[in-house]
Amino acid sequence: MTQSNHDTAWDLLKASIMSFNGSPIGTVAARDTIKQELNYDQVFVRDFAVSAYAYLLADESEIVANFLLEMVRLQRTSRQFDCFEPGEGLMPASFKVEEVDGEQRIIADYGERAIARVPPVDSGFWWLLLLHAYVQSTGDRALAERADVQNAIRILLDLYLSERFDMFPTILVSDGSFMIDRRMGVYGYPFDVQALFFASLKAVAQLLVDSDENKEYITATRTRMDHLAYHIRTYYWLDLEQLNHIYRYDVEEYGEHTANIFNIYPETIPGWLIDWIPETGGYFAGNIGPARMDYRYFAHGNLMAIISGLATDEQAQAFMELLRARWDDLVGHMPLKLVFPALQDRDWAIITGMDPKNRAWSYHNGGNWPSLVWLLAAACVCTGAFDILQRALDDLGPRLSRDNWPEYYDGQYGRLVGREARVLQTWSIAGFLVAEHLAEHPQSLERIGFASSGSHTVAGKCQVPA
Ligand code: GLC
């Protein structure tokens with residue numbers, strides 16, 4: 001009898017486990033034996049999040065608990081005036097276990113060794129989201145209420161909410177500080193990071209215990225969430241109507257009551273968008289900053305916005321309409337296109353710094369990433385778009401298994417295995433398992449921390465079927 005794709009995926013996910021002193025602590029990014037240079041043998045926080053969801057849905061929470069507590073130990077807890085040291089509150093992008101004199105120890109990377117030294121702004125977000133998912137799945141609130149864990153949340157909030165050179169509710173970051181960890185013009189206020197920020201604050205609102213020490217943090221979290229939601233729903237949203245609005249913007253407005261607060265020039269609207277945006281349907285733009293609107297579509301943030309309730313119900317439905325209308329571009333042969341459209345020619349040269357790995361329709365610059373399929377499945381559950389979920393899942397397992405679970409696909413429609421893609425890429429495997437589980441048990445979305453169980457009023461509703 002041949003093994004099902006489901007069983008194969010589980011065997012592979014288990015084979016990717018990294019242990020520390022005999023206990024499972026995470027999963028390595030990939031087990032490609034040919035292209036294993038660099039750091040794919042490490043546990044990446046953002047990649048492990050997808051594995052963690054698969055484990056939680058399978059009622060195997062030990063690995064997740066171990067990971068969460070290890071991250072608390074790895075978080076930097078002292079204030080740094082030394083510019084070469086990771087700042088207070090930072091959590092690592094990745095870590096590995098090394099054996100020194102017969103003893104195991106964990107070596108973490110906060111960005112000081114990463115290619116181009118990119119800092120992981122998203123690690124703390126993923127830790128918060130996973131902590132919340134863990135509590136939702138297991139009911140073990142005690143772990144989140146431990147003094148060291150509450151303290152870890154507070155110092156993360158110090159990092160994310162306080163000192164900054166900024167006047168917006170969004171978070172200001174440098175290029176490549178999240179899943180897109182290379183230069184891609186995603187500095188400033190990239191939408192993927194803002195959506196993770198919102199989802200994390202929502203998790204925090206449910207994780208902080210009601211104590212004197214936490215009071216100020218609880219208020220700050222809720223206030224920031226409200227402002228962030230308003231800002232994003234208003235200024236990032238793009239549909240035909242909003243595009244027309246921008247097209248007719250006044251510019252150079254000074255003072256408090258202006259419509260075009262970022263001073264966006266209508267001339268920046270790219271030609272492709274005018275014909276591409278459907279009559280009904282919309283999405284959140286990639287980035288907004290001073291005189292800058294990045295009109296590119298980024299899948300991760302848009303899907304996260306839906307499942308976290310950052311998108312209003314109307315926006316969530318309109319987004320699903322867009323997927324239906326622009327299926328080949330945004331889903332293609334392998335779910336899901338990470339960024340659309342790709343940067344080409346001179347834009348590619350200037351914005352990526354001539355990065356050959358990110359040439360047009362490859363890798364981060366318009367490649368298709370199967371690891372995102374869990375997010376698509378979750379968004380389909382929230383919006384009741386089961387037709388989309390089914391269509392995306394059709395042949396996904398056989399195709400991934402045939403290609404040996406690659407990291408990403410290339411080409412405008414995602415037909416080729418990515419030129420430099422690793423195989424046996426763990427989050428491609430875990431993403432498939434989570435999506436498959438959600439398709440069969442849509443209510444499980446609540447168990448991984450999304451859907452309406454939350455309490456705070458600002459959040460949109462991600463409804464799961466009863
Ligand atoms: C690449 C990806 C990053 C991922 C890492 C490990 O650097 O850009 O998002 O976390 O590989 O898979």
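Atoms within each ligand, like the ligands themselves, are counted from 1 in listed order. Heads up: numbering here begins at 1 and tracks the sequence. Values below: all heavy atoms of this structure, side chains included; hydrogens, waters and symmetry mates excluded.
- From the protein, the heavy atom lying nearest to atom 9 (O) of ligand 1 is Met179 O, 2.7 Å.
- Atom 7 (O) of ligand 1 has as its closest protein heavy atom Asp181 OD2, 2.7 Å.
- Of the protein's heavy atoms, Tyr40 OH, 3.5 Å lies nearest to atom 11 (O) of ligand 1.
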So Arg419 and Asp410, salt bridge (charged side-chain N to carboxylate O under 4.0 Å, His left out) or not? Walk me through it. CA-CA 7 Å; Arg419 189 182 278 176; Asp410 279 359; 5.6 Å; no
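- A salt bridge between Glu103 and Arg105 is absent, with no side-chain N of the basic residue lying under 4.0 Å from a carboxylate O of the acidic one.
- Nearest to atom 4 (C) of ligand 1 among the protein's heavy atoms is Asp47 OD1, 3.5 Å.
- Around the CZ atom of Arg79, the shell of radius 6.0 Å holds no more than 12 heavy atoms that belong to other residues, nucleotides or ligands.
- Between Tyr363 and ligand 1 there is a heavy-atom distance shorter than 4.0 Å.
- Remark: the backbone N or O of Tyr40 is not paired with any side-chain donor or acceptor of Arg422 at under 3.5 angstrom.
- At under 3.5 Å, a nitrogen or oxygen of Arg46, whether backbone or side chain, sits near a nitrogen or oxygen of ligand 1.
- Between Phe432 and Trp405, the ring planes are tilted. Angles from 30° to 60° get that label.
- Of the heavy atoms in Phe178, none comes closer than 4.0 Å to ligand 1.
- Under a 4.0 angstrom heavy-atom cut-off, His364 registers as being in contact with ligand 1.
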Hey, mind stepping through Tyr283 and Asp239 against side chain to side chain donor-acceptor pair (under 3.5 Å) and telling me if it holds? CA-CA 7 Å; Tyr283 66 101; Asp239 55 15; over 6 Å; no
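- For Gln425, the heavy-atom gap to ligand 1 drops under 4.0 angstrom.
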